[in-house]
Amino acid sequence: MATKSQAGAEAHSDEETVARATGEEEHARAEAGEDREVVEGAEREAGEDREAAEAVEPVAAEDREVIEAAEPRAGENPEPEEADGPEQKVPSGVGQGAGAVVSAALGLVSLSGGWIGTVAGARQQLVGQLRTSSTASVAKQIKAVYGDAWHTTALWAGLFALAALLTGVVVLARPAFGIPGRPQASWIKSVAWAGVSLGVIGLLLAVLKYSDALLALPSAG
């Protein structure tokens, strides 16, 4: 009897071992299935990411083409490089405007000789009276008293005219020696040209007066 009991106990123990092994196998199979589902989910997500990347690639290619097309345009208008030295000061044009006004004023003065020319002419007339004796001929007296004074007035008028002409020319030529591409104000050009014109007219009149071609001295005969 004891032998049969032991055999039954051993048979029951084997059945429990088999059942336990079967349960462990099923549990391992379940875990393997879960792992397979996780792997399949990861592969599915990787496939979605791949599709998204493939969809983004054409857009990136278009952006790259736009950038490459814009690069030559940027090369056409390059930004000015910063100068190594100190920044150049942009002239305000005040000096040129003042020079143009001075040129026009000198041109107006040259037409009459100005106050300096009048005083110089009166002084030369006084000198002629002092140096000419009362016994001198009439022609000599006229030349010494009036002719020399007239020539002195014409000389000063010519000097003013020459100053007006040179000042106007310098003002008009100043932009050529300044910052390239900076235009000169139109009013400065107009006033400077007026000074140059008055200077030319005044210089011509001064030459005519000094050479007795204009308003010559009266004849003593």
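Basis for what follows: all heavy atoms, side chains included, without hydrogens, waters or symmetry-related copies.
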### Query
Tell me, which pairs form a side chain to side chain donor-acceptor pair (under 3.5 Å) where one or both residues lie in residues 202-214, sequence neighbours left out?
His151-Asp212

### Task
Taking side-chain contact (heavy atoms from CB on, under 4.5 Å) as the test, write out the residues that go with Ala104, two or more places apart.
Val191

### Within one Ile-Leu-Val-Met-Phe-Trp-Tyr cluster: Leu204 and Leu155, side-chain cutoff 4.5 Å
no

### In one Ile/Leu/Val/Met/Phe/Trp/Tyr side-chain cluster, 4.5 Å: Trp193, Val200
yes

### Message
Using the side-chain contact (heavy atoms from CB on, under 4.5 Å) criterion, which residues pair with Ile201? Sequence neighbours excluded.
### Response
Leu111, Leu205

### Message
For residues Val109 and Leu159: do they belong to one hydrophobic cluster (side chain heavy atoms under 4.5 Å, members Ile, Leu, Val, Met, Phe, Trp, Tyr)?
### Response
yes

### Query
Under a single-linkage definition using a 4.5 Å side-chain heavy-atom cutoff for Ile, Leu, Val, Met, Phe, Trp and Tyr, are Leu130 and Val119 assigned to the same hydrophobic cluster?
no

### Query
Do Leu166 and Val169 belong together in a cluster built from hydrophobic side chains that touch within less than 4.5 Å?
no

### Partners passing side-chain contact (heavy atoms from CB on, under 4.5 Å) against Ile116 (at least two apart in sequence or in another chain)
Trp156, Phe160

### Task
Using a 4.5 Å cut-off on heavy atoms from C-beta on, say whether the side chain of Leu106 contacts that of Thr167.
yes

### Message
Looking at Asp148, is its backbone amide N or carbonyl O close enough to the side chain of Thr152 to form a donor-acceptor pair, meaning the two atoms are under 3.5 Å apart?
### Response
yes

### Message
Tell me every residue that passes side-chain contact (heavy atoms from CB on, under 4.5 Å) with Ile188, counting only those two or more places apart in sequence or in another chain.
### Response
Gln96, Ala100, Val171, Gln184, Ala185

### Heavy-atom pair with the smallest gap, counting every atom of Gly107 and Ala164
N-CB, 3.3 Å

## Note on the structure
In this structure, OG of Ser110 is separated from CG of Leu203 (nearest 0.5 Å) by 8.5 Å

### Gln124: partners by side-chain hydrogen bond (donor to acceptor under 3.5 Å, both in side chains), with sequence neighbours left out
none

### Message
Which heavy atom of Ser103 sits nearest to which heavy atom of Ala192, and what is that distance?
### Response
OG-O, 4.2 Å

### Heavy-atom closest contact (Ala157 atom, Ala206 atom, distance)
C-CB, 4.2 Å

